[in-house]
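Below: the structure, in structure tokens.
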There are 2 protein chains.
Amino acid sequence: MKRHQVTIIDIAKELNISKSTVSRALHGHQDINEQTKKKVLELASRLDYQPNLLATSLVMSKSYTVGMVVPEFLTPFFPSVIMGAQEVMSKAGYNVMICQSNESYEMEVANTKALLASRVDGILASVTRETRNFDHFQALHRKGIPVVFFNRVCEELEVSKVIVDDYEGAFMAVEHLITTGRKRIAHLAGPDSLIISRRRLKGYIDALQKHILPVEEDLIIQYDLTPEKATIYVKHLLDLPNPPDALFAINDPTAIAAMLVIKDKGLRIPQDIAVVGFSNDPASALIEPGLTTVAQPVFDIGREAAYLFLEQVDIDLEEYKPQTKVLQTKLIVRGSSIPHAV
Amino acid sequence: MKRHQVTIIDIAKELNISKSTVSRALHGHQDINEQTKKKVLELASRLDYQPNLLATSLVMSKSYTVGMVVPEFLTPFFPSVIMGAQEVMSKAGYNVMICQSNESYEMEVANTKALLASRVDGILASVTRETRNFDHFQALHRKGIPVVFFNRVCEELEVSKVIVDDYEGAFMAVEHLITTGRKRIAHLAGPDSLIISRRRLKGYIDALQKHILPVEEDLIIQYDLTPEKATIYVKHLLDLPNPPDALFAINDPTAIAAMLVIKDKGLRIPQDIAVVGFSNDPASALIEPGLTTVAQPVFDIGREAAYLFLEQVDIDLEEYKPQTKVLQTKLIVRGSSIPHAV
DNA sequence: AACATTCCCGGGAATGTTCCCGGAAAAATA
DNA sequence: TATTTTTCCGGGAACATTCCCGGGAATGTT
């Protein structure tokens with residue numbers, strides 16, 4: 001019907017009082033008569049008054065919303081992180097604006113711009129696999145807007161981060177393969193631009209070296225994390241004159257793509273080749289055999305990121321010392337690495 | 001450093017011109033000298049000026065953002081819909097605010113309130129499994145804010161909707177089971193409050209009746225869509241004195257939960273019991289045997305919802321006639337209904 | 001009774017924009 | 001040269017809200 005939403009001025013006029021009084025009534029300020037307060041509250045709910053957050057944010061220079069930018073959310077990993085963050089954020093009175101960059105650097109930049117335009121109070125972000133330039137985050141930080149990275153972080157920037165112990169997780173995973181008798185373990189790694197790739201790769205290498213196994217260049221494949229490429233590279237590995245007897249993948253989608261190729265080729269998992277993933281997606285328990293993988297505390301990642309934001313909001317960024325939280329991972333052993341495992 | 005973001009007034013002062021002129025320069029209005037325009041644009045980019053959307057939205061009474069509220073996003077269905085909507089929305093110059101109600105009615109109400117407070121220009125929504133009261137959407141509509149439902153819609157409200165042909169999909173699925181020799185087909189249905197439950201149930205019943213099979217009450221189980229309950233009810237069905245030889249589930253997560261129970265009991269799929277799901281989640285292709293399911297055009301659902309919003313935004317809601325788009329489904333046959341199928 | 005204190009309330013500035021209106025200067029026409 | 005038109009710009013209201021300041025009335029204190 002009416003184009004115009006109910007404002008405090010409408011309420012004020014109706015009650016023949018000033019907008020200041022209405023404002024005080026709605027916020028439970030002390031300088032207000034109980035009678036008039038009651039009347040205002042009554043009328044407000046009768047008219048279904050909804051405060052205009054735009055106006056409030058404008059005058060307060062504070063929007064009580066934070067932006068969250070994730071590279072993707074078709075896989076349950078990032079949604080879980082978001083839920084964790086949302087849980088603590090909403091308790092603290094903040095809204096969360098979710099942006100999805102679709103693994104595109106340009107969209108990531110556009111997203112941060114849009115969030116900045118909406119004057120969010122902070123940003124929690126995980127970068128795309130393409131992102132090599134971090135000026136857009138630097139700019140936010142320079143403007144005094146707290147940035148917290150999680151999972152896929154930017155090392156150079158002096159901001160708070162929450163990560164999992166990728167090195168430890170990868171090390172455990174590979175050591176597990178070694179102690180169960182594997183000798184030629186391949187690694188499907190991510191792009192060098194992502195630190196998680198580098199750290200997981202390091203864990204892989206160190207585990208091999210600890211057990212005095214050779215690190216062979218042609219068993220290490222760095223790729224861009226697209227599913228199609230995963231398939232191609234796994235085929236390549238299997239066609240090697242001396243193929244690997246185990247495969248450690250940077251994440252579960254990659255591991256699952258690998259398993260499909262392997263099964264398609266008629267090889268047996270884990271007898272002919274063992275597979276281990278990373279992140280314990282629900283799908284890893286569904287596929288047969290079950291995928292051995294490194295579990296991450298997904299909800300806690302989001303919660304911690306939110307806490308790190310709350311720590312620094314409302315204080316001068318100058319006097320805030322960025323922190324890095326490292327969460328622990330856990331190896332989940334299933335049938336893809338040990339025959340007859342659950 | 002500085003708390004305060006760059007505004008057009010800062011630019012105006014620096015250039016000794018008025019804010020009006022700056023505004024004109026930034027928006028390419030006609031009443032502007034090329035020289036000054038160039039100077040403004042230069043300084044703006046040098047200072048990394050970002051327009052304050054709060055102020056703009058306030059004065060224009062238009063935020064160029066729409067809210068999207070979905071019951072859940074751990075499963076890829078809703079994220080896919082969101083991506084579809086985002087695609088056409090961003091082309092039209094709109095931002096999308098994503099809210100997730102976590103299948104909680106209260107959160108859904110809170111979400112719509114928050115979106116209203118942010119003065120979104122419209123809302124695309126899919127309701128929770130708990131939602132039986134639609135006053136919060138009614139209120140939006142009454143305030144002149146376009147609402148478009150998708151997937152889980154509210155029938156009573158006179159707003160635009162996009163759904164898939166649930167009836168047809170269910171009918172096809174059940175007919176497929178019948179023509180492949182199944183006689184006692186159970187149905188794990190959703191709560192009566194969701195229309196998709198009712199329509200899929202109707203498809204199930206009509207398919208049975210077309211092929212002159214009895215509709216047995218104890219083979220139809222309506223439940224609240226929680227995974228735990230699914231497990232319990234499937235066990236119950238299998239323990240029946242005369243157990244079913246096929247199971248049609250309202251969605252893939254339910255079907256997959258059922259498959260796990262069935263396999264756990266040592267029964268063979270599809271020899272002992274066939275299973276069919278709905279929505280073709282990626283997981284349905286991963287599990288063994290592959291899950292026969294009804295595919296929905298997920299991205300198109302989002303796209304259509306967005307189109308329906310764009311149709312009615314900027315016009316008087318009085319003169320808009322709500323539409324309902326019905327998208328077609330497709331049966332995907334896999335090994336869970338036919339032995340040795342892909 | 002005179003003064004101080006408390007209790008409420010209204011006025012108005014400020015937030016960062018957009019847009020309309022009027023007007024000065026420059027250019028075009030007579 | 002005088003008049004009209006065009007070009008360009010500044011002033012100021014409006015959007016919905018918060019918050020500070022001042023002040024009148026009621027209550028309390030000496």
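A, B, ... follow the sequence lines: proteins, then strands. Residue 1 opens every chain.
Dense packing is recorded around NZ of B:Lys62, with more than 12 heavy atoms of other residues, nucleotides or ligands lying under 6.0 Å away.
Among the nucleotides D:dG10, C:dT17, D:dT17, the one closest to any side-chain atom of B:Val59 is C:dT17. Nearest to the side chain of A:Met60, among D:dC19, D:dT17, C:dG10, sits D:dC19. Comparing C:dT18, D:dA16, C:dG11 against the side chain of A:Thr7 picks out D:dA16 as the nearest. When distances run from any side-chain atom of B:Ile8 to the nucleotides D:dC15, D:dT18, C:dT17, the shortest one goes to C:dT17. Closest approach to the B:Thr21 side chain among C:dT17, C:dC19, D:dG10 is made by D:dG10 (side chain taken as heavy atoms from C-beta onward). Listed nucleotides C:dT17, D:dT18, D:dT17 differ in distance to A:Asn52; the shortest reach to its side chain belongs to D:dT17. The side chain of B:Asn33 has D:dC9 as its nearest neighbour among C:dA14, D:dC9, C:dG16.
For A:Gln30 and C:dT6, the CD to P distance is 13 Å, given to the nearest whole Å. The CG-P distance, from A:Leu15 to C:dC8, rounds to 16 Å in whole Å. One can place CD1 of A:Ile32 at 8 Å from C1' of C:dC9, the figure rounded to the nearest angstrom. Remark: P of D:dC15 and CG of B:Leu58 are 9 Å apart, rounded to the nearest angstrom. Distance CD (B:Glu34) to P (D:dC8): 8 Å, rounded to an integer number of Å. Atom pair A:His29:NE2 and D:dC21:P shows a separation of 14 Å (rounding to whole Å applied). Here the C1' atom of nucleotide D:dA16 and the CD atom of A:Gln50 are 14 Å apart, to the nearest Å. As a whole-Å value, the separation of A:Ile11 CD1 from D:dA16 P is 12 Å.
Among the protein residues, B:Ser61 comes within range of no part of the nucleic acid, since none of its heavy atoms lies under 4.0 Å from any strand. In this structure, A:Ile17 reaches the sugar-phosphate backbone alone: every heavy-atom distance under 4.0 Å involves primed, P, OP1 or OP2 atoms, never a base. Among the protein residues, A:Asp10 comes within range of no part of the nucleic acid, since none of its heavy atoms lies under 4.0 Å from any strand.
Ionic pairing of A:Asp48 and B:Lys143 is present here: one or more N-O contacts between side-chain nitrogen and carboxylate oxygen are shorter than 4.0 angstrom. The pair B:Glu103-B:Arg152 meets the salt-bridge criterion, with a side-chain N (NZ, NE, NH1 or NH2) lying under 4.0 Å from an Asp/Glu carboxylate O.
Note that CZ of A:Arg132 is 7.5 Å distant from CG of A:Leu194, once rounded to the nearest 0.5 Å. Remark: B:Ser23 OG to B:Ile11 CD1 distance equals 10.5 Å, nearest 0.5 Å.
With hydrogens and angles left out, the side chain of A:Ser20 and the base of C:dG12 share a donor-acceptor pair within 3.5 Å. In this model, no side-chain donor or acceptor of A:Lys19 finds a partner on the base of C:dG11 within 3.5 Å. You'll find a donor-acceptor pair under 3.5 Å spanning the side chain of A:Arg24 and the base of C:dG10, going by distance alone.
Looking at A:Ser18 and A:Thr21, their side chains do bring a donor and an acceptor atom within 3.5 Å of each other.
B:Phe134 and B:His141 have their aromatic ring centers separated by at least 6.0 angstrom.
Stem analysis of DNA chain D (Watson-Crick or G-U pairs, both distances under 3.5 Å, runs of at least three) returns C:1-30 with D:1-30.
In terms of position on DNA chain D, the residue among A:Asp31 and A:His27 whose nearest nucleotide sits closer to the 5' end is A:His27.
For B:Tyr49, a side-chain nitrogen or oxygen approaches OP1 or OP2 of C:dT17 to under 4.0 Å.
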In a table with atom names and distances, give each donor-acceptor pair under 3.5 Å that connects a side chain of residues 75-83 of chain B to protein atoms at least two apart or in another chain.
from	atom 1	to	atom 2	distance (Å)
B:Ser80	OG	B:Pro76	O	2.7

